[in-house]
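Chain letters run A, B, ... following the sequence lines, proteins first and then strands; every chain starts at 1. A quick note: this is a predicted structure, and the numbers were derived from the prediction, not measured.
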Number of protein chains: 2
Amino acid sequence: MVESVSEPASESATRPPTAQQFVLAEVRRAITSGELKPGSAIRQEALAERLEVSRVPLREALKTLEGEGLVSYRAHRGYRVAELSMADLREVYRLREILEAEAVRAAMPLDDAVFAELEAAQALVEQAAERGAVEEMARANRRFHFALYEAAGMPRLLRIIGTLWDSTDAYRSLYYAGADNRRHVLAEHRAALAALRAGDAEGAVRWFDRHRSAAVETLAAQLEG
Amino acid sequence: MVESVSEPASESATRPPTAQQFVLAEVRRAITSGELKPGSAIRQEALAERLEVSRVPLREALKTLEGEGLVSYRAHRGYRVAELSMADLREVYRLREILEAEAVRAAMPLDDAVFAELEAAQALVEQAAERGAVEEMARANRRFHFALYEAAGMPRLLRIIGTLWDSTDAYRSLYYAGADNRRHVLAEHRAALAALRAGDAEGAVRWFDRHRSAAVETLAAQLEG
DNA sequence: ATCAGTCCGACTGGATCCAAAAAGTAGCAC
DNA sequence: GTGCTACTTTTTGGATCCAGTCGGACTGAT
């Protein structure tokens with residue numbers, strides 16, 4: 001890799017101030033994008049070399065990912081990319097159902113800034129869906145949901161929901177790959193947004209529940225078949 | 001430290017197979033027991049020396065604790081023992097309310113082995129309470145609650161609840177220090193257990209809610225005053 | 001041919017050393 | 001006396017090196 005001396009911000013966005021943060025972001029991306037396959041062993045030396053750092057920051061990043069459940073670890077055997085069983089997938093979605101409902105309720109009533117952010121994010125989701133840009137849609141979708149969850153003002157809840165999302169990110173892109181699914185997402189977002197505008201928290205919660213159910217059932221069918 | 005060659009199990013229980021696991025357990029204990037005070041900086045060199053390991057395994061243990069929210073971290077400034085604001089404390093208890101209710105419902109109906117474990121744990125809680133053994137009571141109490149939550153068969157949920165407990169462990173001991181509080185705990189446990197025996201999940205959930213409310217309100221009064 | 005035991009290679013775990021960043025301190029100008 | 005700057009100290013971040021463990025391959029016996 002060519003390292004510019006005077007311009008540190010050469011590659012995508014600014015590179016984090018420490019190697020472990022850089023590695024953390026990079027490995028998380030590789031896992032959630034499916035580039036590193038579930039169940040596969042992580043060879044520290046090889047991966048560290050590929051990222052041009054030593055094993056020390058890599059190991060610290062892996063410890064963080066272990067805490068998030070993205071990798072599993074056994075002493076003297078190293079790290080593996082975590083595998084999600086069907087039971088795990090359903091558990092994650094069940095927990096999201098409970099926790100995101102709480103977040104939505106706690107976020108109400110929403111102020112104008114939140115609505116603005118929700119609408120901006122939704123516009124991006126729509127654009128990406130139209131173009132079939134799966135990765136971009138996943139990003140915009142996350143921004144949409146988390147704009148709402150952040151408004152709850154519950155940092156720990158936000159963090160937990162975030163880790164639940166991370167652990168299923170690889171599957172989410174799979175879901176967005178279907179054009180029908182993308183249409184569903186848009187319709188559900190719009191309906192939830194309308195409920196939120198009407199100040200109807202329970203209505204929005206119900207739409208988000210449908211939103212998740214549709215995703216998990218589709219994925220379950222796809223993965224089992 | 002004197003290391004026996006033939007008998008590795010010299011100090012309390014068997015020492016973990018890796019230094020980082022040993023350090024993790026030790027630092028977690030020090031934080032949850034209040035030995036390391038909230039807000040204080042963690043000097044890696046000093047702490048590593050005290051535990052007779054190098055900074056590397058200590059740093060990996062701290063990364064794990066960061067994931068659990070027991071310490072906070074800022075690049076180039078190091079780790080600090082996390083401070084719980086009143087808002088944090090209330091958020092933790094609110095999340096526990098939601099998640100533990102889910103665990104109780106999912107655990108029903110309980111089989112005999114779970115009842116046996118619950119009763120064994122409760123007996124220990126009663127004994128410890130009578131003797132005013134705060135630390136021991138905290139341990140037995142945790143065993144009681146988690147026997148129930150484990151029965152839900154939801155590993156991620158169990159883990160999340162565990163981290164929420166960890167983050168408030170230091171306060172829990174404070175609560176148990178009051179004789180009145182200990183009496184409350186016993187009564188609430190007994191009532192919840194009776195509801196569980198009757199197959200009444202919602203009744204048990206209500207008792208656990210009271211259980212937590214009593215604790216958080218008492219603590220709030222104590223900490224604000 | 002199968003299985004037990006041993007050995008060797010590969011990989012992880014940990015210690016030490018070095019680099020870089022932040023915090024503290026002293027000196028200087030105003 | 002105050003505020004800024006340069007320098008020193010302290011502490012964290014990272015690289016390299018060594019030790020310990022695990023798993024598989026090889027050997028030999030039954």
Q: Please answer whether the main-chain N or O of B:Phe144 pairs with a side-chain N or O of B:Asn141 as donor and acceptor at a distance below 3.5 Å.
A: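 No; zero donor-acceptor contacts below 3.5 Å.
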**Q.** Under 3.5 Å donor-acceptor, A:Glu91 side chain and B:Arg156 backbone
**A.**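 Such a contact is found between A:Glu91 side chain and B:Arg156 backbone.
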Q | Sidechain N-carboxylate O distance under 4.0 Å for A:Glu83, A:Lys37 | A |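 Salt bridge flag = no for A:Lys37 with A:Glu83.
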Q.
Can you tell whether the side chains of B:Glu60 and A:Arg59 come within less than 4.0 Å, N to carboxylate O?
A.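 Result for this pair is yes, salt bridge flagged.
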Q: Calculate the interatomic distance between B:Leu62 atom CG and C:dG14 atom P; express it in whole Å.
A: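 Result: 14 Å.
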Q: To the nearest Å, give me how far apart CZ (B:Phe22) and C1' (C:dG13) are.
A: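 It is 16 Å, rounded to the nearest whole Å.
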Q | Distance-only side-chain donor-acceptor flag, A:Asp88 / A:Ser85, under 3.5 Å | A | yes
Q) When every nucleotide of nucleotides 10-21 of chain D is labelled 5' to 3' by its protein contacts under 4.0 Å (heavy atoms), B for base, S for sugar-phosphate only, - for none, what sequence of letters results? A) -SBBBBB----S
